[in-house]
Every structure is written in C-alpha cells, then in structure tokens.
Amino acid sequence: KSAQDSRATTLITKDSGSNKVMCQFCGWYLCQNCTKKSRPFPKSYVDPTTKRHIARGTICKYCDRKFFVKAMVDQLQG
C-alpha cells in the first residue's frame, strides 16, 4: 500500500463534521489525530531575541515525515 493510498483513507472532506483540520503545508483536510503538530514555515522570520521562528503552521504527519526525511538526506549529503 502506497503512502498516497493510506493518506486518502484518513482524508476528511470539507462537508464532514467539525473533526477536520487543514494541514497548512499541503492543504489537505485531515482528522485531528493526524494534525497534532505544528512546524515553523521554511522561510519564516526568526526572532533574534528568542531564536525561534515567528510563523508556525499546523502540519499533518505526512508532511512532517517529508521534512524529517529531507533533513536526514541533507545531513547525510552535507
């Protein structure tokens, strides 16, 4: 079963109940269990006093995995 197939099974349409949350990285509407994390946007401003990103967005577990894999590949190549 591909990742895209498993993602489609957790997708919630806009017309379903209030249990939907939109991933701000891919735009898919997913259940609350699949979108528990938030992540800074890649090009967001970093506050110099706290050293933290100002803009954060709700991210689904699939997009979070993509960022994790990209960071690991960059680390191995780097």
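No experiment lies behind these values; they were computed from the predicted model shown.
In this structure, CD1 on Ile59 lies 9.0 Å from OG on Ser38, to the nearest 0.5 angstrom. Atom-to-atom distance recorded for Cys60:SG and Asn33:CG is 13.0 Å, nearest 0.5 angstrom. Distance CH2/Trp28 to SG/Cys34: 11.5 Å, rounded to 0.5 Å. The distance from the CZ atom of Arg39 to the CZ atom of Phe68 is 9.5 Å, given to the nearest 0.5 Å. Summarising the geometry, atom NZ belonging to Lys51 is positioned 8.0 Å from atom OG1 belonging to Thr49; distances are rounded to the nearest 0.5 Å.
In this structure, the side chains of Phe67 and Pro42 come closer than 4.5 Å at one or more pairs of heavy atoms. Considering only heavy atoms from C-beta on, Phe41 comes within 4.5 Å of Phe25 through its side chain. The shortest side-chain heavy-atom distance between Ser44 and Ile54 does not fall under the 4.5 Å cut-off. Side-chain contact between Asp47 and Thr50 is present, with heavy atoms from C-beta onward closer than 4.5 Å. You'll find the side chain of His53 stays beyond 4.5 Å of the side chain of Tyr45, heavy atoms only. Considering only heavy atoms from C-beta on, Thr58 comes within 4.5 Å of Val21 through its side chain.
Arg56 and Pro40 get closest at one heavy-atom pair: NH1-CD, 3.4 Å. Contact record, Gly57 with Gln24: CA-OE1, 2.8 Å, taken as the closest heavy-atom pair.
The 12-atom threshold is not exceeded at CZ of Arg65, counting heavy atoms of other residues, nucleotides or ligands nearer than 6.0 Å.
The pair Lys37-Asp64 counts as a salt bridge, with a side-chain nitrogen and a carboxylate oxygen less than 4.0 angstrom apart. Taking 4.0 Å as the cut-off between side-chain N and carboxylate O, Asp74 and Lys70 count as a salt-bridged pair.
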